[in-house]
Amino acid sequence: TKFFLGYQWMEAAKYIGLLGLIFPFVTVISRFCSELYRSLGRPKLSVLAQWLYILVLWPFVLWTVNFDFMVLCEAKVCAMLVFVFIHLIIMWTLLHVSPWQMIKPIFPIAAVSFVVILLSHILALVSDSVLWRISTAVITLGTYFIVVLMIPRKWTMVMNIRHLLMRKTQ
């Protein structure tokens, strides 16, 4: 964050990192659930989930605004996780869809992301130079894609995309 946004954003760096960590998961689950509600003819369940999220978020914000910025940021991230749990509970109780069946396809990518986060923290301990930060970004990005391609279904998906692209160029 310091490299891309400058030193004035250092207070927000942890929040940006937390959002980057949680936002993909929240987006995938909430969009999947919203589309499932709509496809089953029950779009009001999406509205219900959003209202329940607001009912959780509002007290979180009102309570944590009296503390410092990081407490507010962490509360926002926790509220986003609650939003995922709200969707999972609605799916389980009202639609009888197993939460594990929704999370299972995401789990391998989440595990790879966790490994890459650990790697980036370890590499950040080596040096604080700009060149090393750029090298760390390249190393972690390369590691992520190499490990993701080791997952059999992901490799098949990449090969299918490659074949589609090859057909369009011919």
Side-chain angles (χ1 to χ4, degrees), residues 1-7 9-39 46 49 53 69-92 95 97-170:
T1 309
K2 186 173 20 177
F3 178 72
F4 289 110
L5 300 175
Y7 288 98
W9 286 90
M10 286 312 298
E11 187 178 7
K14 185 176 179 186
Y15 179 60
I16 293 169
L18 286 172
L19 279 181
L21 181 64
I22 197 69
F23 200 71
F25 182 68
V26 171
T27 302
V28 167
I29 294 294
S30 65
R31 295 275 167 93
F32 174 75
C33 292
S34 293
E35 288 302 316
L36 189 59
Y37 302 150
R38 198 166 54 95
S39 69
S46 182
Y53 170 64
F69 177 71
M70 277 318 301
V71 175
L72 178 65
C73 295
E74 290 167 357
K76 168 67 171 138
V77 170
C78 289
M80 290 173 73
L81 280 175
V82 170
F83 187 48
V84 169
F85 288 120
I86 288 169
H87 275 298
L88 294 176
I89 290 168
I90 289 173
M91 296 291 283
W92 177 254
L95 301 177
V97 175
S98 169
W100 177 247
Q101 293 301 321
M102 291 189 303
I103 295 173
K104 189 168 57 171
I106 300 169
F107 189 74
I109 299 298
V112 172
S113 298
F114 182 72
V115 169
V116 169
I117 288 168
L118 287 177
L119 176 65
S120 69
H121 281 292
I122 291 169
L123 292 175
L125 297 173
V126 174
S127 176
D128 198 31
S129 72
V130 173
L131 182 62
W132 182 248
R133 284 190 212 140
I134 294 170
S135 300
T136 299
V138 171
I139 292 168
T140 54
L141 190 63
T143 303
Y144 178 80
F145 283 113
I146 289 169
V147 175
V148 164
L149 290 176
M150 291 174 148
I151 301 170
R153 283 188 289 159
K154 299 303 176 195
W155 179 252
T156 305
M157 184 177 72
V158 169
M159 294 309 288
N160 288 339
I161 291 170
R162 184 177 146 257
H163 288 298
L164 284 172
L165 290 174
M166 295 299 276
R167 265 192 273 165
K168 286 187 178 190
T169 58
Q170 293 176 352

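- Residues Ser30 and Phe83 approach most closely at CB-CE2, 3.7 Å, considering heavy atoms.
- Atom OG1 in Thr27 sits 14.5 Å away from atom CZ in Phe32 (nearest 0.5 Å).
- The list of salt bridge (charged side-chain N to carboxylate O under 4.0 Å, His left out) pairs with a residue in residues 74-86, not counting sequence neighbours, reads Lys14-Glu74.
- For the pair Cys33/Met102, a side-chain contact is recorded, criterion being any heavy-atom separation below 4.5 Å from C-beta on.
- Taking 4.5 Å as the limit, some side-chain heavy atom of Leu88 sits within range of a side-chain heavy atom of Ile103.
- Annotation: Phe69, atom CZ; neighbour count of heavy atoms from other residues, nucleotides and ligands within 6.0 Å is above 12.
- Listed here is the closest heavy atom pair of Ala49 and Ile90: CB-CD1, 3.7 Å.
- Across Val26 and Met80, no two heavy atoms sit closer than the pair CG2-O, 3.8 Å.
- When atom types are taken as modelled, the side chain of Ser39 and the backbone of Leu36 share a donor-acceptor pair closer than 3.5 angstrom.
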Report task. Carefully, step by step, assess Trp132 and Leu123 under the rule side chain to side chain contact (heavy atoms under 4.5 Å, CB included). Result -> CA-CA 9 Å; Trp132 182 248; Leu123 292 175; 3.8 Å; yes

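- In this view, Ser120 satisfies the side-chain hydrogen bond (donor to acceptor under 3.5 Å, both in side chains) rule with no residue, not counting sequence neighbours.
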Query raised in the report: Under the side chain to side chain contact (heavy atoms under 4.5 Å, CB included) criterion, do Tyr37 and His87 qualify, and how do the steps go?
Result: CA-CA 10 Å; Tyr37 302 150; His87 275 298; 2.9 Å; yes

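- The shortest side-chain heavy-atom distance between Phe114 and Leu118 falls under the 4.5 Å cut-off.
- Of the inter-residue distances, the one linking Ile29 atom CD1 with Leu81 atom CG reads 11.0 Å to the nearest 0.5 angstrom.
- To the nearest 0.5 angstrom, Leu131 atom CG is 9.5 Å from Thr136 atom OG1.
- Of all heavy-atom pairs spanning Tyr53 and Ile86, the tightest one is N-CD1, 3.6 Å.
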